[in-house]
Chemist: 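This is the structure I want to talk about, given as structure tokens.
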Amino acid sequence: MHTYPELKLHIDGEWRTTAESLPVVNPATEQEIGRVPIATTADLDDALAAASAGFERWSQTSPKERADLVRAASALMRERQDEIAHSITMEHGKPFRQAQLEVIRGCEFFEWDAGEAVRTYGRVIPSGPGVKYIVHHLPIGPVAAFSPWNFPMSQPARKIAGAVASGCSIILKAAEETPAGAMHIVKAFQDVGLPPGVLNLVFGIPGDISNYLIPSDTINLVAFTGSTAIGRHLTGMASDHMTPVLMELGGHAPVIVCEDTDVESAAVTSAVRKMRNAGQVCTSPTRFFVHEDVYEHFLDTFTRRCAETIVGDGMDDGVEMGPLANDRRIAAMRRMVDDAVGHGAALMTGGSRIGSSGYFFEPTVLARVPDEAAVMQEEPFGPLAIVNSVDSLDTAIERANSVPYGLAAYGFTNRADYADRMVDRVEAGNLSINTLEASLPETPFGGVKWSGYGREGGAEGLHHYTVVKNVSHSLSIV
Ligand code: NAD
């Protein structure tokens, strides 16, 4: 039987607690399951000093050595899959099976970046005799990273994988609401012998920590996943210090359903994917633009499958969707549903909190939602979908592009010309056609417009963690 771990900071290779702490609550029961320590400025100073020393040492190890160590830590996490998944379900609420898959996905991020670490090739630029121009990609330095609560293990994994594989050190502030996922990662790296100072973990008041770390001269990169509002704030702070940023921010993913597609299959696949992680995913399919010829068929099937979703405690067998992560999401769902219905949208199913204990919310489908409704512009980040009809693909693309976000977008069609038009014109960092998979270890993931900049994963994933240095080397003094 697994137990929820005692929560600690990890600085310079040591675990530590502090005098002040915040409660961690199981969202399925609203019971306190642990307390997460609040880092003091002295702790943050220690973390900065450790990251600085850790970088000096780690950046001098060979890429192969780094890759081997990252793979070894990942292998340990795979062995500990159920223990880590248990913590994730306790603190986040998602079904245990989905938590297990999250652990595997996190490991795949580590394994991918380990593979890329030995392929950060530079190049030799053609030159005249007696001189060489050589481009190197070198680790950028200590990273301040901030990961959110929706994937307690795989979100921190993205940041840690990029930094550690590249030869950087990192101070990660993981989400206070879901701290154990990151702790399990740090423990695995400690167990395989990562040198002290390379990977530091802190928690506290998010604004206090970012205000302290980002202006520090020690920090050479800020990596953040979270809302556009906070990302914009952190980017502004980083720019005052000329510190580069990697920003993975909000989305409001459109789904274009063309008249030629297999409607039944598209609707069922979409409903299942929409309710994954209770919709608390930046790539969650949310704004459905369905051709009018197949609209009623799609809406009926999609609504029925959403309504059939089995909601409950993620520890219980057969549950497909857990609670929302916190009461803020319940309040946001209620506000967006009431506002949409007030503007004339049809509530097809859901729309209410389930029970009074635990942050459970019904899978919710809104149809014929007018543009004036807040949810047409604001990311719901919950189990809520909008299904509107359109008269053509061009209208659908125009509607898809009508928000300031551009993270994931989806299309269902078997027509090559339709697919091609979407590729050319849909504004998104990730377009998926006939699949709702948007983020894989081997593909570059990130946004355009307000969804941020930079890419995680793929061959591009380590670019942000490295800097380019050109070396001009003449064999005689000229
Ligand atoms: P929020 O904007 O307060 O926080 C989002 C994340 O940023 C949290 O992890 C939080 O700890 C962190 N954060 C907040 N203020 C910070 C600061 N000053 N410095 C550093 N980190 C800070 O919102 P929330 O209620 O926690 O989440 C709701 C919204 O956040 C959602 O609507 C969604 O848009 C966004 N979100 C996005 C992702 C994602 O994967 N892109 C994940 C979680 C939340």
Side-chain angles (χ1 to χ4, degrees), residues 22 24-25 27 36 38-39 44 91-94 102 105-106 109 143-159 171-179 181-182 201-215 219 222-238 245-253 276-284 286 324-333 335-336 359 374-375 377-384 403-408 429-430 438-439 445-447 449-454 456-457:
L22 295 164
V24 178
V25 168
V36 64
I38 297 177
L44 298 179
E91 65 187 10
H92 179 276
K94 69 183 68 183
E102 181 186 334
R105 177 52 57 92
F109 291 151
V143 178
F146 303 85
S147 61
W149 43 259
N150 56 342
F151 291 93
M153 188 270 184
S154 65
Q155 290 276 21
R158 277 271 201 210
K159 312 278 184 254
I171 304 173
L172 174 74
K173 190 208 78 65
E176 289 70 25
E177 285 157 317
T178 57
L201 178 65
V202 298
F203 300 103
I205 310 301
D208 291 353
I209 296 185
S210 54
N211 285 347
Y212 201 79
L213 293 183
I214 293 175
I219 296 302
V222 175
F224 172 77
T225 297
S227 62
T228 295
I230 302 294
R232 185 178 280 134
H233 167 64
L234 301 189
T235 300
M237 210 180 341
V245 299
L246 171 55
M247 289 283 148
E248 203 271 88
L249 307 178
H252 203 337
R276 188 179 70 108
N277 222 39
Q280 302 163 121
V281 189
C282 50
T283 59
S284 188
T286 296
L324 303 193
N326 51 55
D327 51 0
R328 300 192 301 285
R329 296 315 320 141
I330 293 274
M333 288 302 106
R335 175 176 55 77
M336 282 188 236
Y359 307 127
V375 73
Q377 289 292 316
E378 191 181 330
E379 177 183 30
F381 220 69
L384 188 165
V403 294
Y405 299 103
L407 190 59
N430 297 79
S439 169
F445 177 71
K449 306 201 287 188
W450 284 11
S451 295
Y453 29 79
E456 296 184 304

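Whatever order the structure lists ligands and atoms in, that order sets their numbers, starting from 1. Sequence positions, counted from 1, serve as the residue numbers for this chain.
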Chemist: Does S227, backbone or side chain, put an N or O under 3.5 Å from an N or O of ligand 1?
Modeler: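 There is such a contact, yes.
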
Chemist: Kindly indicate whether atom 23 (O) of ligand 1 is approached by any protein heavy atom to under 4.0 angstrom.
Modeler: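 Not a single protein heavy atom is under 4.0 Å away.
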
Chemist: Heavy-atom distances under 4.0 Å decide this one: backbone, side chain, both or neither, for V281 against ligand 1?
Modeler: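 Neither; no heavy atom under 4.0 Å.
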
Chemist: Checking the side chain of E176 only, and the main-chain atoms of G204 only, is there a donor and an acceptor separated by less than 3.5 Å?
Modeler: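 Checked: pair present.
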
Chemist: Just heavy atoms, cut-off under 4.0 Å: does P206 contact ligand 1 by side chain, backbone, both, or neither?
Modeler: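 Both of them.
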
Chemist: Is Q155 close to ligand 1, meaning an N/O of one under 3.5 Å from an N/O of the other?
Modeler: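 Right, the criterion is met.
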
Chemist: Determine, counting only non-hydrogen atoms of the protein, whether one lies under 4.0 angstrom from atom 10 (C) of ligand 1.
Modeler: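 Within 4.0 Å: no protein heavy atom nearby.
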
Chemist: Please report which non-hydrogen protein atom sits nearest to atom 27 (O) of ligand 1, along with the residue it belongs to and the distance in Å to one decimal place.
Modeler: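 The closest heavy atom on the protein side is W149 CZ2, 3.5 Å.
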
Chemist: Looking only at heavy atoms, which two atoms of V24 and E91 are closest? And how far apart?
Modeler: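 Of all heavy-atom pairs spanning V24 and E91, the closest is CG1-CB, 4.3 Å.
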
Chemist: Do T283 and N430 have side chains that approach each other closer than 4.5 Å (heavy atoms only, starting at C-beta)?
Modeler: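 A side-chain contact is absent here, since even the closest heavy-atom pair is not under 4.5 Å.
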
Chemist: Does ligand 1 have an atom under 4.0 Å from some heavy atom of F224?
Modeler: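 In this structure, F224 qualifies as a contact of ligand 1 - some heavy atom is under 4.0 Å.
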
Chemist: Against ligand 1, does Q280 come closer than 4.0 Å with any heavy atom?
Modeler: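 Outside the 4.0 Å threshold, so no.
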
Chemist: Can you confirm whether something in the protein, heavy atoms only, sits under 4.0 Å from atom 3 (O) of ligand 1?
Modeler: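 No; the ligand atom in question lacks any protein heavy-atom contact below 4.0 Å.
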
Chemist: Is there at least one pair of N or O atoms, one from T225 and one from ligand 1, spaced under 3.5 Å apart?
Modeler: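 So ligand 1 has no N or O lying under 3.5 Å from an N or O of T225.
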
Chemist: Quick one: are the ring centres of F203 and W149 less than 6.0 Å apart?
Modeler: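 No, ring centres 6.0 Å or more apart.
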
